[in-house]
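So you know, we letter chains A, B, ... as the sequences are listed, proteins then strands, and number each from 1.
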2 protein chains.
Amino acid sequence: MTGTALPLLGEDFAACCSPLTAGVLDEDAAERLARVFRALGDRHRVRLLSLIAAADGGEACICDLTAPVGLSQPTVSHHMKLLTEAGLVTRDQRGKWAYYRVVPEAMEALSGTLRTTR
Amino acid sequence: MTGTALPLLGEDFAACCSPLTAGVLDEDAAERLARVFRALGDRHRVRLLSLIAAADGGEACICDLTAPVGLSQPTVSHHMKLLTEAGLVTRDQRGKWAYYRVVPEAMEALSGTLRTTR
DNA sequence: TCGATGCATCGACAATAATCGATGCATCGA
DNA sequence: TCGATGCATCGATTATTGTCGATGCATCGA
C-alpha cells in the first residue's frame with residue numbers, strides 16, 4: 001500500500017467542513033476548498049471519477065482509463081495526480097498497476113460544504 | 001428584476017443531478033458539471049459566495065464585495081459573472097446597484113452530485 | 001537475464017484564465 | 001441638466017493549466 005492522499009479537506013473529514021454559506025470563510029479555508037473544487041473543474045477529471053466509481057470493485061488502473069476518456073497515458077496520470085492531491089481518490093500500487101479508488105468521505109465532506117439547509 | 005442566471009445544472013434542479021458516482025457520465029454531463037465546479041475553483045469566488053450568503057438580507061452588491069476580497073471592481077464583476085453563468089448566484093439590478101444572491105437550489109443540486117450514499 | 005508492460009516525471013507548447021486600467025452606459029441626487 | 005456613483009465590457013498582460021512525446025524506473029513473464 002503506497003497511498004499518498006493529501007487530504008486538503010482537512011485531517012478529519014467529519015469535522016473540517018462547515019457549509020460554505022454558514023459564515024464568511026477566511027483566506028485559507030477558501031483556498032483549501034477552491035483547490036478541491038478546482039480538481040473537479042475539468043470534464044475529464046469528472047469523468048475519470050465516475051469511471052472509477054463505476055468500475056468493477058470500485059477501483060481502476062490508469063490503463064483502464066485512458067481509452068474511455070480518450071487521452072494519453074501521461075495526461076491521465078497527470079489528472080489522477082491532481083485528484084489524488086485533492087484527496088478525492090487514493091492511489092494503491094499493486095505490482096505493475098496503480099489502482100485508484102474514490103474516497104467517499106471526501107466526497108461527502110465536500111458535499112457538506114455545499115449544503116445550505118441544515 | 002433582470003436576473004440572468006444560466007442554470008448549467010439543468011432546467012430542473014431537482015431532477016437533473018444524479019450522483020457523480022452513480023454511473024459513468026457522458027461527455028456532456030461531465031462538461032456541464034465541471035463547468036460549475038470550475039466556478040468554485042477559485043478562492044476569491046468561494047469567498048465571494050460566502051460573503052454574499054453571510055451578508056445582510058442574503059444579498060450583496062459589487063461595492064460591498066471589492067474591499068473584503070481585495071480585488072478591483074472589474075475583477076470582482078468578472079468573478080460574479082462566472083458565478084452567475086454557473087447558476088450559483090442570481091443578479092438583480094435595482095437602480096444603480098446589482099444585487100447578487102446565492103441560489104440554494106443550485107448549491108443543493110451540486111451537493112447532491114457529490115453524495116455517495118443514498 | 002531480457003524484453004515487454006504500466007506508470008510517473010520531465011520538458012515544451014498551446015490553450016485558459018485571472019487581473020487591472022480605461023472606458024462607456026445608466027442611474028441617482030442636487 | 002450635470003457631476004458623481006455603480007457596474008459591465010474591452011483590451012492587454014501575466015499566470016495557470018492541459019496536453020503530449022520522450023524518457024526512466026519498476027515489475028512481470030519467459
Side-chain angles (χ1 to χ4, degrees), chain A residues 1-6 8 27 30-31 34-49 51-52 55 59-86 89-101, chain B residues 1-6 8 27 30-31 34-49 51-52 55 59-86 89-101:
Chain A
M1 168 59 178
T2 58
T4 56
L6 300 178
L8 294 179
E27 297 263 349
E31 171 57 26
R35 196 188 303 252
V36 182
F37 283 127
R38 207 177 304 139
L40 290 171
D42 180 280
R43 66 191 159 137
H44 294 131
R45 287 195 291 270
V46 168
R47 198 107 191 293
L48 286 168
L49 219 50
L51 283 165
I52 294 169
E59 62 181 8
C61 61
I62 301 285
C63 57
D64 291 331
L65 299 170
T66 51
V69 295
L71 293 173
S72 72
Q73 175 267 314
T75 301
V76 172
S77 207
H78 167 69
H79 285 312
M80 291 314 300
K81 179 177 185 169
L82 295 186
L83 287 173
T84 304
E85 286 177 347
V89 303
T90 54
R91 178 183 185 280
D92 182 20
Q93 181 104 30
R94 293 206 299 274
K96 291 199 297 183
W97 294 274
Y99 291 96
Y100 290 89
R101 187 176 280 278
Chain B
M1 169 60 180
T2 57
T4 54
L6 299 178
L8 293 180
E27 297 263 349
E31 171 57 26
R35 197 189 302 253
V36 181
F37 284 126
R38 208 176 304 141
L40 290 170
D42 181 281
R43 66 192 155 136
H44 296 309
R45 288 196 289 271
V46 168
R47 199 109 191 292
L48 286 168
L49 220 48
L51 283 164
I52 295 170
E59 61 180 11
C61 59
I62 300 285
C63 55
D64 291 331
L65 300 170
T66 51
V69 294
L71 293 172
S72 72
Q73 175 266 314
T75 301
V76 173
S77 207
H78 167 69
H79 285 311
M80 291 313 301
K81 179 176 183 168
L82 294 186
L83 287 173
T84 304
E85 287 176 347
V89 303
T90 54
R91 179 183 183 279
D92 183 20
Q93 180 103 30
R94 291 204 302 273
K96 293 198 295 183
W97 294 274
Y99 290 96
Y100 290 89
R101 186 176 279 279

Separation of atom CZ in Arg43(A) from atom P in dT19(D), rounded to whole Å: 7 Å

Basic-acidic side-chain contact under 4.0 Å: Arg38(A), Glu31(A): yes

Sugar-phosphate, base or nothing in reach of Leu65(B), heavy atoms under 4.0 Å: nothing

Candidate nucleotides dC20(C), dA18(C), dA8(C), ranked by approach to the side chain of Asp42(B) - the nearest: dA18(C)

Listed nucleotide nearest any side-chain atom of Cys63(B), set dA17(C), dT9(C), dG6(D): dG6(D)

Step-by-step side chain to side chain contact (heavy atoms under 4.5 Å, CB included) determination, His79(B) to Val69(B): CA-CA 11 Å; His79(B) 285 311; Val69(B) 294; over 6 Å; no

dC7(C) phosphate, OP1 or OP2, under 4.0 Å from Lys81(A) side-chain N/O: no

Closest nucleotide among dA18(C), dT5(C), dC20(D) to the Lys96(A) side chain: dT5(C)

Under 3.5 Å on both distances, the Watson-Crick or G-U partner of dA12(D): dT19(C)

Interatomic distance, Leu71(B) CG vs dC20(C) C1' [rounded to whole Å]: 10 Å

N/O (side chain, Tyr100(B)) to phosphate O (OP1/OP2, dC7(D)) under 4.0 Å: no

Touch class at under 4.0 angstrom, heavy-atom based, for His44(A) against every strand present: sugar-phosphate

Closest non-hydrogen atom pair, Arg43(A) against Ala34(B): N-CB, 3.4 Å

Listed nucleotide nearest any side-chain atom of Ser72(A), set dC20(D), dA17(C), dC7(C): dC20(D)

Spacing of Gln73(A) atom CD relative to dT23(D) atom P, expressed in whole Å: 15 Å

Integer-rounded Å distance: dC20(D) P and Ile62(A) CD1: 13 Å

Salt bridge flag under 4.0 Å for residues Arg94(B) and Glu59(B): yes

From dA22(D), dT19(D), dA18(C), nucleotide with atom closest to His79(A) side chain: dT19(D)

Distance in angstrom units between Asp64(B) CG and dT5(D) P, rounded: 16 Å

Of Val76(B) and Val76(A), the one whose closest DNA chain D nucleotide lies more 5': Val76(B)

Sugar-phosphate only, base, or nothing, as touched by Tyr99(B) at under 4.0 Å among non-hydrogen atoms: nothing

No-H, no-angle donor-acceptor pair, Gln93(B) side chain to dA26(C) base, under 3.5 Å: no

Sugar-phosphate, base or nothing in reach of Arg94(A), heavy atoms under 4.0 Å: nothing

Short side-chain N/O contact from Thr75(B) to OP1 or OP2 of dC20(C), under 4.0 Å: yes

Touch class at under 4.0 angstrom, heavy-atom based, for Arg45(A) against every strand present: sugar-phosphate

Whole-Å gap separating C1' (dT17(D)) and CG (Leu40(A)): 16 Å

Watson-Crick/G-U partner (both atom distances under 3.5 Å) of dT27(C): dA4(D)

Rounded interatomic separation in angstrom, taking NE2 from His78(B) and P from dC10(D): 13 Å

Qualifying residue, where the test is side-chain contact (heavy atoms from CB on, under 4.5 Å) with Leu83(B) and the options are Asp42(B), Val36(B), Leu49(B), Val46(B): Leu49(B)

Atom-to-atom span, CD of Glu85(B) to P of dT9(D) - whole angstrom: 9 Å

Phe37(B) and Phe37(A) aromatic ring geometry - parallel, tilted or perpendicular at 30°/60° bounds: parallel

